[in-house]
Each structure stands twice: as structure tokens, then as C-alpha cells.
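Quick note on labels: first sequence line is chain A, next is B, and so on, each numbered from 1.
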Amino acid sequence: MIYSLDTILSLVLLSVLFSFGSSRLPGLIKVMAFQGIVVSLVPLFTGHDLTTGGVLFSLVTMVIRGVVIPLSIHLVIKKVDIHRGIEPIVGFHASLFAGLALIVGAIFVSHSLNIPSVSKSALLIPTSITILIAGMFILMARRNAIAMVLGYIMMENGIYLVGTTFTTHARHIVEFGILLDVLAGVMIMAIILQNIKQKFDDVDTVHLRNLKE
Amino acid sequence: MVELLFLLPILIGIISFFLPKKSGRTMLVLTGGIHLLLSIWLWLKRPVAAFPEYFAVTPEGLLSLLVISFLFFLVAIYTTAYLNEIETQSENIFIGSMILFLSTMTMVTLSDHIMVMWIAIEATTLASAPLIYTHRSKASLEATWKYVLICSVGIAMALLGSVFMVLAMDLGNIDIPLSFSALSEVAVKLDPAWLKVAFVLILVGYGTKMGLAPMHTWLPDAHSEAPSPASALLSGVLLNCAFLGIFKTNKIMVAAGLGNFSGTILIVFGLMSILVAATFILKQTEYKRLLAYSSIENMGIIAFGTGIGGLGVYGAILCLIHHSLIKSSLFLTSGNILLGYGSRLIDQTGNLVKLMPKTLIAFFAGFAGISGFPPFGIFIGEMFIIIGAFRTGHYIVATIFIISLCVVFAGFANQTMKITFDDADDDIIIKIKEKASMIWPQYILLLTSLVLCLWIPDTLYKTIIDAVAAIGGGF
């Protein structure tokens, strides 16, 4: 069980590195879809007692995080024919290097944290930290509004992973509420993105800096 | 039955998306009225929720709920008149979102479960986003984008904090429902290190939504670009909802004996907000942004008072109530000015005293109230906070607090004089008539504030004392 969990977690880490290196939006969205699916698989392998409700909830999470959310962003790109490149503030090579440094740092830090993990896997906590910070990194290091939304989604994936790592308390109804909020948030962001594209003819956030003071 | 208070508006809100124009407006006022009656009923009866694990009627929640309900009803009346004056392409979206916004805010005030609180606060962001984009301009689009992105990311931090709260509980080997009230009772057993981390993250998260500096950057944009009734709600009650999340978390901290830690952080964020607001108010050129920065200032005062503890908390709650009443009236009044002059710039206005005399009364009284003239409530609240600060030995921060309040007052007074008494351009023609429904809501809000300074009903006083007692507040 533990090895399969580690395999899944290393796939999550791989998705982080891929996302840092993606220079095209469709590619980045595919990476995020992949990440959504593997992240939702994690609870099935952490060694909890698996109830029917738990499995069902994981499946719903997988559909929403892995299919519905990426698809809605993908549809925006398709619908408004957005220029596909991602304008980085921090270059792709530098980003990749930062990603590697982040993973190493996260593993280093996780040893000094006194956290009772629900599983013996050594990768669980470092992966959670990595994906969380990676999301913030994409939010800050990309000027493209769609890439920023994807960064937000990655952050939410990270918080979900942290939540499932630490706690056994969660009620599915509450988790479902959180998931619904995230989904609605992404939908609203997608609508705003469409409007941004129509008004400014671009999704570069340089256009969104007129309101000051 | 408690849950009815937010379930009913959700239902009505969804229906309103599909209603024709005129009936939508009636629906808005009707919902406001029903909600107000239900809130009063809740206040008097204080029933137990059907899902006690998730929802509870708490004194601080009741205070916010009554303010929300009262404000919403008056804003709804104003909105019907306001919508006659402006052109919107999608009025049903506006009205539907307003009602959904009411329902999500109600849910915040009633939720007792940490995660449900988060869900509700994030839902307020989503429900209010369409309100900001009502005018469909480039600037409003930018404001909406910033609002949704910054608040969502900020609130995500609060979710992380909530998860750490659970971790603190696991480390303390306790197994109880994840509710604020249950956690406060066993707070001493929680792991202090992770509790501190949780508090900081929750403060940063909900602080973003509350408009505390330096996470406030979305607030002036959103509040100035939204149509005035929506600004009144955003500024008057939404900020309180976010504060409620911080207040309840602070309760756990105080119960765990970490009150000093959380208090210091609150004081720092509070002072920072007041200082930032002061610098921007001094050279502000738009009156709606002026009001928005004043909200940041007031939220700073409230955070500061909560951090001080003791008498300060009582003062903070007074400021919270009066800020809601006065600031929402000011935003509604700014709607009149905007409709009348057709510009948001202070330079383009002037001579309000001749051109819009009824609006002037509301505007000037609102200014006097919000900037802390005696005998308005903000003055009393600030006095309590200052006395509380000196009593607990916070001499230096209290001095900075007083000086920055003076700066804010000077800046605000200067801008207000320009709007009210400076000469306006000769060719300005006021575009609207000052109808009763666009004046009286403000008057009622201000009068309520005034009455509450002179006479606080016993039940209200007791509820405030109950709310602040848990964090060592009171006389």
C-alpha cells in the first residue's frame, strides 16, 4: 500500500515540475487535470478505513478536480480564442530550478515538523507543502490571467492534500461544501476571464492595473 | 428553524434570476422585510439549530445578523429607486445576486463549525462578485477580477489555517465537533504551536476579506466600482462577516491562554490599516474611494480594539455596529451624489449645500458620525478603545492610534468641505430629483445610530456584553 501511495505522490510532484515548465496554456491545463486526478486518488491509498461514502466522495472529487474544473477553463480558451502562450515574470528554466529547490526544501522542512501523519509515507507531507507553495508561485510568477487561475486551482489542490494528510475528522458533507465553493469560484473566474478577453482583447494582467490609490 | 434564515433567501435568490424586471424589485424589498422579521424573531426566541454541529445562535452572530437584516431592508428600498435612475442590462442578475449575498452573509453569522464558516465566507465573495461588475465597464471588470482573485486566494489561507486548527486538535488528542463553541471549551488542550499558526493564517485569510492592510488592495477598487447600494452592503456588513471569523478564532486563542499573542498581532494589523488609510485619505481624489479607505480605517480600529482587550473589545463592537449603520448610509448618499453630478471625482462636485440640500444633510451627518464627532457612536467606541489601551499599558500604540485618527479626520474633513461648500461649475445641472426613497433610508440609518448612542436597549446591551465576555471584554 505504501509503495503505491508513494508512486501517486511522486506523480503529483512530477505534475508540479511539468506545470512550472509549461509555456503553453493547453499543456498547462492538461497538467492541472492530471494533477487533479492524482490528488483525489491520494485518500484512497492513505490506509484509512475505506467506507462507501469515502470512496464515493473521492470519485466525486476526482470528477470535479480532474475533469469539470480543467474543462471549464479549457472551454474559455477555446471559446474566445486566446493567444496560447504564457507570459512569465520568472522564466521557465528559472521556474523549473525553483521547483526542484522547493521539493528539496519541503522534504528538508518536513523532517523538522512534528506532525502525526495518517500514513507512514515519507512523501506525504513534503508533497503537500510543495504543491501549496507551487500554486502561489504560479500565481505570482505568471502574468497571464488564465495561468493565475490555474495557480489558484493548484493551491486549492494543495490545501485539499494537506487536509486529507492531517485529519481523519472531516465530514464528507463539509468537504463537499468546500469543493462546491472552489468549483463555483473557478466558474466565476472563467466568466470574468471571458469578459476580460472581450474587453481588453488579451488576458495579460498588465491591462488590469489602471485602478490606483 | 434557524437554518430557514439563509435557506429561504437562497431559494428566492435563485427564483429572482428568472423573474421579470418589476417583480424582481418587489421581491427584493419583500425578502428584506421577511428576513428582518425572522431575524427579530431569532433575537427574541434564540432557538437551537436543527443541525447543532454546524450552526448555532451566538451573541456575536446575532448582533451581526440584526445589523445585516436591518441594513439590507433599507438598502433594498433604496435600490428600487436607484435602479430607476441607472441603466443596467441585467437587472435580474443584480437582484438575484443581492438576495443570494444576503443569504450567504446570514449563513456566516449563524455558522458555528469552522469549515462551514469558511464555506459561507467564500460564498459571500462569489455571490457579491456579479454585483461589482454591474456597470460592465473596463474599470469594474478590473475591480471584480482583483476582488475575486485576491479574496479567494486570501480566504484559501484561512482554509489552510482551519486545517491546522484541526491538526492542533489531533495533537491534543481530543475528539469533539469542529465547532467554535466546542473548541473554546477545550482550548487549553489544543497544541499551542499549531494553534498559533492556525490563528495567523486565519487572520491573514479573513483579514484579506475584512480589508486589513496590507491585504486591502482590492477593497477601494471593489467598493468604488460597485453600484452604490452594493457598496453599502459590501462596506457596511460584508466586512463585519469577515471580522466575525477572526473574532471567533480569537475567542479560542484567549480561552487557550494565548490572548497576548493574538492581541499583539491584531494590534499591529489594526494600526497598519489605520496608517495606510490615513495616507490615502489625505490625497484622495474620488469620494467613493475616500469612503472605502475610511472603511479600511474603521476595520483597523475594530481590529485594534479587539487586540487591546477589556474595555477595548466593548468599544470595538460599538464601532462595528455604528460603522455599519453610518458607512452604509454614506455609500447610499454617495450614490445620490454620483447620480446627481455624474462624476466620481471630488473636483467635479461642489456646492452640495445649494444643489442637493436633502442629500447634504445625510452626507454631512454621516461624515460627522464616521469621523468620530461626539455624540455619535464611533466617538464613544473610540473613547472606550483609547481608555482600554491606556488601562492595559499600551501607551505607545495608543498614541500612534490617536495621532492617526486625527490625520484621518483632517483629511476627511478637508474633502467633505470641498464637496459640500466649494463652488461648483456653473453649468452643472443636477440630473435627479431627491426622492423620498433615496433620502429616507439614509436618515433612518443615521437616526438609528444616533438613538443607539443615547439609549441602548437592555437586550442589546446584554448581548454585546455576552459577546465580548468570552474574550475578556467588558467593563
For the NE2 atom of A:His207 and the NZ atom of B:Lys138, what is their distance to the nearest 0.5 Å? 8.5 Å
Identify the residues of residues 128-140 of chain A whose heavy atoms come closer than 4.5 Å to a heavy atom of chain B, ordered by number, or report 'none'. A:Leu132, A:Met136, A:Leu139
Side chain, backbone, both or neither: which part of B:Ala129 has a heavy atom under 4.5 Å from chain A? side chain
If you tally heavy-atom pairs under 4.5 Å against chain B, which of A:Val149, A:Ile188, A:Ile178 wins? A:Ile178
Nearest heavy-atom contact between A:Leu208 and B:Glu142 is O-OE2, 3.0 Å
In terms of heavy-atom contacts, A:Ala184 and B:Leu126 come closest through CB-CD1, 3.7 Å
Under a 4.5 Å heavy-atom cutoff, which of A:Asp181, A:Ile196, A:Ile191, A:Asn210 has the most pairs with chain B? A:Asp181
Start with the C-alpha gap between B:Lys146 and A:Arg209, add the side-chain angles, then the distance that decides, and say whether side chain to side chain contact (heavy atoms under 4.5 Å, CB included) holds. CA-CA 10 Å; B:Lys146 277 187 189 165; A:Arg209 283 182 197 155; 6.0 Å; no
Apply the test side chain to side chain contact (heavy atoms under 4.5 Å, CB included) to residues A:Asn195 and B:Trp145: give CA-CA distance (whole Å), side-chain angles for both, the deciding distance (0.1 Å), then the verdict. CA-CA 10 Å; A:Asn195 280 301; B:Trp145 166 251; over 6 Å; no
Within the side chain of B:Glu122, is there an N or O that forms a donor-acceptor pair under 3.5 Å with the backbone of A:Val182? no
Toward chain A, the part of B:Ser137 with a non-hydrogen atom under 4.5 Å: backbone
Quick check on A:Leu180 against chain B: is it the side chain, the backbone, both or neither that has a heavy atom closer than 4.5 Å? neither
Counting heavy-atom pairs under 4.5 Å with chain B, which one of A:Gly158, A:Gly151, A:Ala145 comes out on top? A:Ala145
Starting at CG of B:Leu159, measure out to OH of A:Tyr160 and round the result to the nearest 0.5 Å. 12.5 Å
A:Leu71 atom CG: more than 12 heavy-atom contacts under 6.0 Å: yes
At a 4.5 Å cut-off on heavy atoms, which part of B:Ala193 comes close to chain A: side chain, backbone, both, or neither? neither
Treating A:Lys199 as the side-chain partner and B:Ala139 as the backbone partner, does any N or O pair qualify as donor plus acceptor under 3.5 Å? no
Can you tell me which portion of B:Glu53 sits under 4.5 Å from chain A's heavy atoms? Options are side chain, backbone, both or neither. side chain
Using side-chain heavy atoms (C-beta onward) and a distance below 4.5 Å, is A:Ile192 in contact with B:Tyr133? no
